[in-house]
Amino acid sequence: MNFELTEERQMLQDTLRRFLSDKYDVATRNSILESDAGMSADIWVQLAELGVLGALFSEDDGGFGGAGFDIAVVFEELGRAGVVEPILETCILGGGLISAFGNKSQKGILETVIGGGTRLALAHGEPRSRYDLSRVETVCRGGKLAGHKSMSLGAGNADHVIISARESGAVDDKEGLSLFLMKTSDLDLRATPVMGGGMAADIFLDGFAVTDDMRLGPKGGAFEALETVQAAAITAICAQTLGGMETAVRLTAEYLQTRKQFGKPIGTFQALQHRLSDMLIEMEQARSAVIGAAGYLEADPKQRDRHASAAKNLLGRIGRMIAEDAIQMHGGIAMTQEYELAHIAKRIVMADHMFGDTDHHLERFIALSAA
């Protein structure tokens with residue numbers, strides 16, 4: 001198998017890396033994190049103009065990519081630079097569901113998404129759902145929604161939110177789940193910053209009226225599409241974590257070469273050399289897992305989900321190890337907001353809790369392998 005990037009993906013990677021190295025330094029990121037929006041509208045538009053958002057959609061949707069390796073290339077670079085803008089939430093989750101289920105009018109939104117004029121979010125998680133994708137207590141009865149969506153990533157900055165609700169079945173049934181596309185301005189929404197960057201929101205639905213034109217896809221048939229976009233989101237977050245690990249290792253290697261003790265760089269000490277070598281070896285194993293997840297993203301659901309869970313479990317374990325070792329070898333400077341590693345390490349650790357942590361995906365991998 002050829003693991004080399006195609007010419008188009010190599011150009012995308014090089015362009016995005018140059019742009020982010022010029023525009024997304026520590027001071028810029030810190031100012032974004034301190035802002036009320038938690039993102040930069042200017043950076044968002046510039047990423048759209050570069051074609052980064054279009055690379056996450058297929059040609060049928062108006063983009064020029066959308067495959068697993070397109071997602072991996074983009075999010076590895078975003079992770080390398082510690083980008084906090086809601087690209088995963090808009091393009092992978094929201095955009096993926098509209099691509100799968102949208103009618104002609106709803107799919108028209110994707111053009112403005114790719115152009116940078118519209119942001120999307122998915123409100124699916126609930127206070128008691130944890131990582132169980134089928135557990136939804138929000139209901140739609142008599143044309144009205146009732147329930148509470150919690151920590152909906154990107155909802156605070158979105159123009160449209162896709163809300164899941166149960167129209168039939170028990171609280172954890174896979175059947176009976178429906179999706180509704182609605183304007184954020186119509187919702188009772190309370191946004192909050194997320195550790196490591198980005199915004200999330202709680203959405204309170206107390207008798208919120210919905211109409212048929214808000215429905216996204218078939219009544220009660222949303223679960224498979226939710227599984228599909230979650231697999232893509234897992235691939236994206238794993239690639240993002242890999243990019244963050246690359247930055248953490250690079251910063252550590254540079255620090256070991258410049259920080260001196262007893263008149264010589266601490267990188268000459270054998271114990272630290274061994275720890276850095278372990279980080280490099282583990283990172284290559286993580287890279288292989290990301291390649292596997294990206295390569296199987298268009299495979300049958302069982303294979304796709306097995307590779308996604310294997311990658312998520314591995315990246316969670318290796319990511320925490322690299323983040324912690326990088327901080328320990330840096331010392332106190334690694335905990336300061338003005339130093340890049342502090343932000344990168346937070347994002348690596350927080351990524352483990354998105355779309356299922358290491359324990360969840362170990363159990364899921366075992367179950368899928370036994371089935």
Side-chain angles (χ1 to χ4, degrees), residues 8-9 11-20 22-24 28 32 35 37-79 81 83-123 152-162 179-187 191 197-199 201 213-214 216-217 225 229 232-233 235-236 239-240:
E8 292 79 8
R9 288 172 182 147
M11 289 174 61
L12 174 65
Q13 183 186 65
D14 294 342
T15 300
L16 183 53
R17 186 174 299 184
R18 285 197 302 270
F19 171 79
L20 294 175
D22 291 339
K23 300 289 186 180
Y24 220 87
T28 299
I32 293 172
S35 67
M39 64 160 288
S40 168
D42 290 339
I43 294 289
W44 184 268
V45 171
Q46 292 177 68
L47 288 171
E49 291 173 347
L50 285 174
V52 174
L53 306 187
L56 302 174
F57 291 91
S58 68
E59 291 184 11
D60 292 340
D61 294 325
F64 58 90
F69 287 110
D70 298 307
I71 293 171
V73 166
V74 168
F75 279 91
E76 184 177 342
E77 294 307 313
L78 297 177
V83 174
V84 300
E85 276 61 36
I87 297 173
L88 187 154
E89 296 90 325
T90 292
C91 299
I92 305 299
L93 295 176
L97 288 171
I98 291 178
S99 173
F101 277 157
N103 56 34
K104 185 175 180 181
S105 174
Q106 291 165 339
K107 284 194 173 185
I109 295 174
L110 296 182
E111 182 178 351
T112 60
V113 169
I114 293 171
T118 299
R119 290 185 290 273
L120 306 170
L122 170 64
S152 302
L153 296 172
N157 289 314
D159 301 291
H160 298 270
V161 175
I162 299 170
L179 300 174
F180 299 91
L181 176 66
M182 52 194 66
K183 293 181 179 179
T184 308
S185 57
D186 296 334
L187 298 171
M199 299 288 286
D213 62 342
M214 294 180 180
L216 186 64
V229 297
T235 301
Q240 176 184 295

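Here, residue 1 is the first one in the sequence, and each next residue gets the next number.
- Applying the side chain to side chain contact (heavy atoms under 4.5 Å, CB included) test between Ile92 and each of Ile71, Val74, Ile87 identifies Ile71 as the sole match.
- Of the possible polar contacts, one joining the Thr184 side chain to the Ala158 backbone as a donor-acceptor pair under 3.5 Å is found.
- Between the side chain of Asn103 and the backbone N or O of Ser105 there is at least one donor-acceptor pair closer than 3.5 Å.
- For the pair Thr90 (side chain) and Leu120 (backbone), a donor-acceptor distance under 3.5 Å is present.
- Checked by atom type and distance alone, the side chain of Thr28 never pairs as donor or acceptor with a backbone atom of Tyr24 at under 3.5 Å.
- Minimum interatomic distance between Gln106 and Ile98 (heavy atoms only, all atoms of both residues): O-CG2, 3.6 Å.
- Side chain of Ser99 to backbone of Gly95: no donor-acceptor contact under 3.5 angstrom is found.
- Remark: side-chain polar atoms of Glu85 are paired, donor with acceptor, to backbone N or O of Ser40 under 3.5 angstrom.
- Closest approach of Gly94 to Ile162, counting heavy atoms only: O-CD1, 3.6 Å.
- Scanning both residues, Gly154 and Ala121, for their nearest heavy atoms gives C-CB, 3.8 Å.
- With Glu77 as reference, Leu16 is the one residue of Val52, Asp14, Leu16 to meet the side chain to side chain contact (heavy atoms under 4.5 Å, CB included) rule.
- When the options Val83, Ile43, Leu47 are evaluated for a side chain to side chain contact (heavy atoms under 4.5 Å, CB included) with Lys23, the one that passes is Ile43.
- Thr15 places no side-chain N or O within donor-acceptor distance of the main-chain N or O of Leu12, the cut-off being under 3.5 Å.
- Annotation: side chain of Met39 is in contact with side chain of Pro86 (closest heavy-atom distance under 4.5 Å).
- Side-chain atoms of Thr235 and Phe75, non-hydrogen and from C-beta on, never get closer than 4.5 Å to each other.
- Contacts of Glu76 classified as salt bridge (Lys or Arg N to Asp or Glu O under 4.0 Å), with partners at least two apart in sequence or in another chain: Arg80, Arg287.
- Within 6.0 Å of CD in Glu111 there are 12 or fewer heavy atoms belonging to other residues, nucleotides or ligands.
- Remark: side-chain polar atoms of Asp70 are paired, donor with acceptor, to backbone N or O of Ala67 under 3.5 angstrom.
- Taking 4.5 Å as the limit, every side-chain heavy atom of Glu8 sits out of range of all side-chain heavy atoms of Phe64.
- What you find for Val161 and Ala123 is that their closest heavy atoms are CG1-CB, 3.7 Å.
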